[in-house]
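In listed order, ligands and their atoms are each counted from 1. Just so it is clear, the values below take in all heavy atoms, side chains as well, and ignore hydrogens, waters and symmetry mates.
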Amino acid sequence: MQFPQYRPRRLRRNENFRRLVRETQLSVNDFIYPLFVVTGKKVKKPIPSMPGIFQLSVDNIVGEAARAKELGIPGVILFGIPEKKDEMASQALIDDGIIQTAVREIKAKVPDILVITDVCICEYTSHGHCGIIENGEVANDTTLEVLSEMAISHARAGADMVAPSAMMDGQVGALRDGLDEAGFESVPIMGYSAKFASSFYGPFREAAESAPAFGDRKSYQMDPANCDEAIREITLDVQEGADIIMVKPALPYLDIIRRAKEEFDLPLAAYNVSGEFAMIKAASQLGWLDGERAMMEVLTAIKRAGADIIITYFAPEAAEVLRRG
Ligand code: PBG
């Protein structure tokens with residue numbers, strides 16, 4: 001293939017040629033839409049750093065899930081903000097907790113959308129860490145028991161899938177054992193397999209009120225510099241029984257997504273996180289870039305890198321663009 005015999009521009013001459021040779025097709029089927037649930041009634045509180053995203057009370061969550069379903073989005077993932085936080089994250093485990101209630105309501109009123117729950121205690125602990133603190137450190141194995149109990153309680157409420165995101169060693173195995181023992185062997189696990197200690201979670205922590213009160217998450221989330229270690233983390237999740245694996249964040253980690261796609265044959269999710277959403281929204285509000293084009297380009301890039309599933313706050317907006325064609 002050589003110029004002038006081969007001229008790549010020939011197949012770029014009009015949109016029909018471009019459609020014919022397009023390698024990556026973004027689809028609404030790829031999306032999972034994250035939602036933030038709070039206590040109270042008729043709450044719709046804007047999250048300043050995430051324009052268009054709100055903290056919603058259960059009554060309003062049902063409406064938002066219905067809108068997602070109407071747009072053809074296959075699933076939502078829920079994050080809960082409880083009324084009270086304590087050292088032991090006790091509100092995470094109760095049957096009438098915020099997530100358990102939201103799951104039951106969505107399943108009752110919008111039955112035909114997948115309800116996935118995030119299994120992590122950072123929104124429920126007074127210190128904001130993703131695990132139980134013992135002797136000033138996040139205690140891995142004690143936390144596993146809590147996470148497992150939390151997942152069972154979500155399954156009992158009717159969750160279609162659970163997604164452990166605490167980055168504790170052995171969390172997928174602990175959840176699988178717990179769920180199986182409780183009779184939930186058909187509930188799948190989407191592991192946050194390679195989750196990095198990222199600055200791009202900033203807006204989420206505002207939305208979920210989950211910033212750590214001391215220290216940081218670097219003793220459990222991964223060092224952004226590491227790729228081989230991401231492969232080891234994902235391998236563990238696969239061995240422990242994950243049904244879907246994940247890389248998070250997405251955009252600064254496209255190389256990890258590509259490598260995971262090549263090395264594993266499980267469905268691969270990528271989390272297009274809050275900071276990735278916020279930076280496009282902010283630049284677009286300033287008139288510095290075309291927000292809609294940037295959104296579609298980023299989502300396409302994440303899919304092109306190898307993601308089968310994209311968890312994104314853009315899900316409804318992108319679904320509308322795709323519907324328009
Ligand atoms: C909970 C959790 C976080 C996110 C998803 N689950 C925050 C964190 O680890 O601090 C981040 C999602 C986002 O930024 O959109 N552990």
Salt-bridge criterion met for E70 and R323 (N-O under 4.0 Å):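 Yes.
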Candidate pair F204 and F36, rule ring pair (Phe, Tyr, Trp, His ring centres under 6.0 Å), full reasoning: CA-CA 9 Å; F204 173 96; F36 299 102; 5.4 Å; yes
Proximal protein residues to ligand 1, non-hydrogen atoms under 4.0 angstrom: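 Protein residues near ligand 1 are F79, D118, C120, C122, C130, S165, K195, F200, Y201, F204, R205, R217, Q221, K248, Y271, V273, S274, Y313.
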Side-chain H-bond candidate by donor/acceptor type, S219 with E137, under 3.5 Å: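 Short answer, no.
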Side chain proximity check, F200 to Y271, heavy atoms < 4.5 angstrom: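 No, their side chains stay 4.5 Å or more apart.
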Whichever hydrophobic residues join W288 through chains of side-chain contacts under 4.5 Å: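 Its cluster partners, ordered by chain and number, are L286.
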Within 45° cone and under 6.0 Å: K281 NZ/CZ vs Y313 ring: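 Here K281 fails the 6.0 Å and 45° test against Y313.
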